[in-house]
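A short worksheet on the structure shown next.
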Amino acid sequence: MEYNFNELEPKWQAWWRENHTYKVANGGTKPHFYVLDMFPYPSGAGLHVGHPLGYIASDIYARYKRLCGFNVLHPMGYDSYGLPAEQYAIQTGQHPAVTTERNIARYREQLDKIGFSFDWDREVRTCDPEYYKWTQWTFIQLFNSYYCNQAQQARPIAELVDIFAKQGTEGLDLACTEPLAFTADEWRSWDEPKRQQVLMNYRLAYLADIPVNWCAELGTVLANDEVVNGLSVRGGYPVERKLMRQWSLRITAYAERLSKGLADLEWSDSLKEIQRNWIGRSEGAAVWFPLDVPTTSVDAPTGLFMGQVNPQPAPSFEIFTTRPDTIFGVTFMVLCPEHELIDQITTPEQKAEVEAYVTWAKNRSERERQAEVKKVSGVFTGAYAINPLTNEKIPIWVSEYVLAGYGTGAIMAVPAHDSRDFAFARHFNLPIRQVVALEKDAVSDPATWEESMDAKTGYSVNSGFVTGMKVKDAMKAVINKIEEMGIGRRTVNYRLRDAIFSRQRYWGEPFPIYYKNGYPCALPVECLPLELPEVSEFKPTSTGEPPLGHATRWAWDEKNRCVVETSKIDNQTVFPLELSTMPGFAGSSGYYLRYMDPRNDKAYFSKEAVDYWRQVDLYVGGAEHGTGHLIYARFWNKFLFDLGLAVCDEPFRRLVNQGMVQGRSNFVYRSKTDNNLFISKNVKDCASKTVPIHVDVNIVDNDVLDIDKFRQWRPEFKEARFELEDGKYICGWEIEKMSKSMYNVQNPDDLVARYGADTLRLYEMFLGPVEQAKPWDTNGIEGVFRFLKKFWKLFDSGLNNQNAQKEPTKEELKILHQTIKKVTEDIERFSFNTSVSTFMICTNDMTTAKTDNLSVLEPLVVLIAPFAPHIAEELWHRLGHEGSVCDAEWPKYDEKYLVEDTFTYPVSFNGKMRFTIDLPAGVTQSDAVETVMASAEGQKWLAGATPKKVIFVPKKIINIVI
RNA sequence: GCGGAUAUGGCGUAAUUGGUAGCCGCGCCAGACUUAGGAUCUGGUUCCGAGAGGAGUGGGGGUUCAAGUCCCCCUAUCCGCACCA
């Protein structure tokens, strides 16, 4: 019988569906294992061959784990809120829900053809109200929580209200937007709006004024990459930096835990490093610098910073530095243009210049600023600070190179040991003073330097009480000193910023928030989900409000607890609802938890479900989510952990990043002089006489062009003539991004139709290591297809042979057990390309050995089942089994079949003092070494010498040292 | 600029983790079979050389009896961050 995949694959796919083969129950006696893929955004273009790569890898692992006796959770769903559907809606007027539904159906169809073992009963969609109910629910929990830095934990905001009423901010260390200090009496004296305003400072989901790129003309916030030279990319309208009230998540509260938690994760080093960089933890010191107040008096800035009241009696400001040891080298201070102190300290003479600079800096877009990073700019305020350790007077400057969002927006500049300060000092001719040297006496004139000495190595020089200390010791000594003096302390800073959570968009989760007297209130959780309303159009409103501003039924009736007409808003009992929606990462941050118990309408997921599955054991997806989804999901999980819902602090124990699949484009070469003439690639002078044109890879086979299909492909090629080589037209090729415009998109459906799903699955794995980026090249798929046909044939002859039950030969057992061993090890380390090679070798060997012994062949069916489930299922049933091969038992190998039983020595001497021997079972290394020593004694080829030492190394090689 | 990764035949890759480099597959060459196929099978295929032989894992140095693998210095490509004090 022929290997007829066209018949066999749909048959078993239907059988699996009817028998609910992949349905997974929560609980049972088996050990549990959770294998998850990053769920896709269902785009209109459908799947290309790059998408299933990770799904196939995780499917293999999931099926393998199941065969090893685990209860495996392996779900799939859709990240179905997002921008493309909305933009398509704006252009065509089609409702995003309709196009999304259609795209999902197409994705499902494509996925089903590849034979995945997903439990589709657990499917989730982020745009489904039953799902986003819990996204909204989590948002309300965030809104109703604060973060206690002492306990390193989120707590209910109600608890904080009690604390404020009892003790004010006394003794508290809280994550906040800006440091506040007040007493219990003050708190009690405030009215509700004022209290709400204060609480907003501590909520984990909070409203705050955040600088954004605002385009008035388009009525929307733009991302940095949507703005060029202060103009919007689309339309060319002016864009301004503007503070806008936006929802944010206080992810910075979790910076420490997000950073520390990385250590125990089985993630690639590179991805951990990406996250570490993004979180940007740096240890250093916060130091208060007193102002040298001229004639006009300046009010001391009041308030807390990092939970501490300004300890300075005199007016002063705080800086952050990672190099406290260089404090003796400070020659100027720099404030960021947004710094609140600027207005207060600028001298009248400098006022005009400083104001001009601040205005200029403020109006620059993020993009402009970043493009001119190397350009030095700044202005002197006329004011001075006092170095608290030397009592020196130090000028205070303002410059863009100091960022408002990091540290305190103010720095002490040490030009000798910081390249940016160095550039600034050189530009404005400020003094540079060396305070660190590689050797204690290696002091030179900084005026002769070409660059600053930034390295944290060497010794302190010219540095008062730390002179002569190693840099590391000097850092500690200075911090101790400033702590002792009460002017600063050891501290940690993070680069991570809070996540802006508002989008002026339609196709996203509505915020379960309404506005009462101007302050936001959360909907009662029993009223969730708050469903996305219908709107007349998907664009912003004429007044610049988000698309939800078009909704006529978008107000909250507090008394009747329901959504009502906007016209009924009276701000007494009926209030306006929030108009922006949540961003893409909202729905994807907790979906892995929902899969554990996806149909629960009482809770996000039940306690039993999460106690059973705990966390994702293996997560497979692209590394491009390293600083987005993978950070947000960890944050989301940690928050749910604090609430007592999640049972693990980290969501994804092991993470594998599949590499990007690039496209392999094909080209035809059109004559420069004759538009209808195409010259084959290797014809003489082809390159100089022609221009390359992309040609659809689907009408090219092994770089040979199908001429007829090419003429039909596009009307302008109808009259095409060809200059061939060896009767063929050979195309050129290049590696490019896989995209429609390059005509290099391989559709998995076409390959399934031509070679079958099993061949596609094996070939995707055979292409190379899963983690590695690689170009898609269909040319090799024939080899894998041939292998499956050989594999099939092996069984076909075994099943047709009457004598098939005879004793297996030693050779056959050796091949079998080698294969089991290799494949098992390969799967464990996610090296699927080598597993496929192993199958090929095994099949070749078995074919050569004319194996028809079913007892040897049967375990192979189980081995290949994770990779090629359809053919495995078919053969499994032909071998007489009733149930699915998915429930078989993973074969074990026995070392005894793997060792050689011949022992000959020495079999070869290659002139480099090296023997090759075969070591039989039961012979120890020292026996072998002794035997070789004895046999080597007095041998001619050793020139009469006696070996001094015999070194045994694995791999049947013995080295002799004379 | 900082950080991470990668580099092996014409191509994708493999190498039991320091032990005979090039497994497996594509492609190519030669052959077999044939009712001629997008079929199957056999042999060959790192490079130079007719051959004996020599060279060889991006380049240069080092450690080792032994290096694709470990260390140092370059070069190229890819990815992430980018004035983060």
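By convention in this document, chain letters (A, B, ...) are assigned in the order of the sequence lines, proteins followed by strands, and residues within each chain are numbered from 1. Note that this is a predicted model, so its numbers are computed, not measured.
- Using a distance-only test at 3.5 Å, with no hydrogens or angles considered, a donor-acceptor pair links the side chain of A:R634 to the main chain of A:L258.
- Side-chain N or O atoms of A:S399 include one that pairs as donor or acceptor with a backbone N or O of A:Y401 at under 3.5 Å.
- Residue-to-nucleotide proximity on RNA chain B shows that, of A:D826 and A:M840, the 5′-proximal contact is made by A:D826.
- Comparing the same atom, P, in B:C73 and in B:G4 gives a spacing of 13 Å after rounding to whole Å.
- Judged by Watson-Crick or G-U wobble contacts below 3.5 Å, the nucleotide B:U69 has no partner.
- If you check every strand for non-hydrogen atoms under 4.0 Å, A:R281 touches nothing.
- In this entry B:G18 has no Watson-Crick or G-U wobble partner, no candidate having both defining distances under 3.5 Å.
- In this structure, B:G62 shows a glycosidic angle more than 90 degrees from zero, which is the anti conformation.
- For the P atom pair drawn from B:G61 and B:A14, the interatomic distance equals 28 Å after rounding to whole Å.
- For the C1' atoms, the distance from B:G12 to B:G49 is 29 Å, rounded to whole Å.
- Atom CD of A:E828 has more than 12 heavy atoms from other residues, nucleotides or ligands within 6.0 Å.
- If you check every strand for non-hydrogen atoms under 4.0 Å, A:K821 touches nothing.
- B:A32: Watson-Crick or G-U partner is B:U40, with both key distances under 3.5 Å.
- Under the Watson-Crick and G-U wobble criteria, each requiring two contacts below 3.5 Å, nucleotide B:U6 is paired to B:A76.
- Look at B:A55: its Watson-Crick or wobble partner, with both distances under 3.5 angstrom, is B:U46.
- A residue-by-residue look at A:G780 and A:S831 shows that A:S831 has its nearest nucleotide of RNA chain B further toward the 5' end.
- For the residue pair A:D796 and A:Y3, no side-chain donor N or O sits within less than 3.5 Å of a side-chain acceptor on the partner.
- Within the shown strands, nothing qualifies as a pairing partner of B:C83 under the Watson-Crick or G-U definition with both distances less than 3.5 Å.
- Judged by distance alone, the side chains of A:Q275 and A:T627 never bring a donor and an acceptor atom under 3.5 Å apart.
- Glycosidic conformation at B:U34 (O4'-C1'-N9-C4 for purines, O4'-C1'-N1-C2 for pyrimidines): anti, more than 90° from 0.
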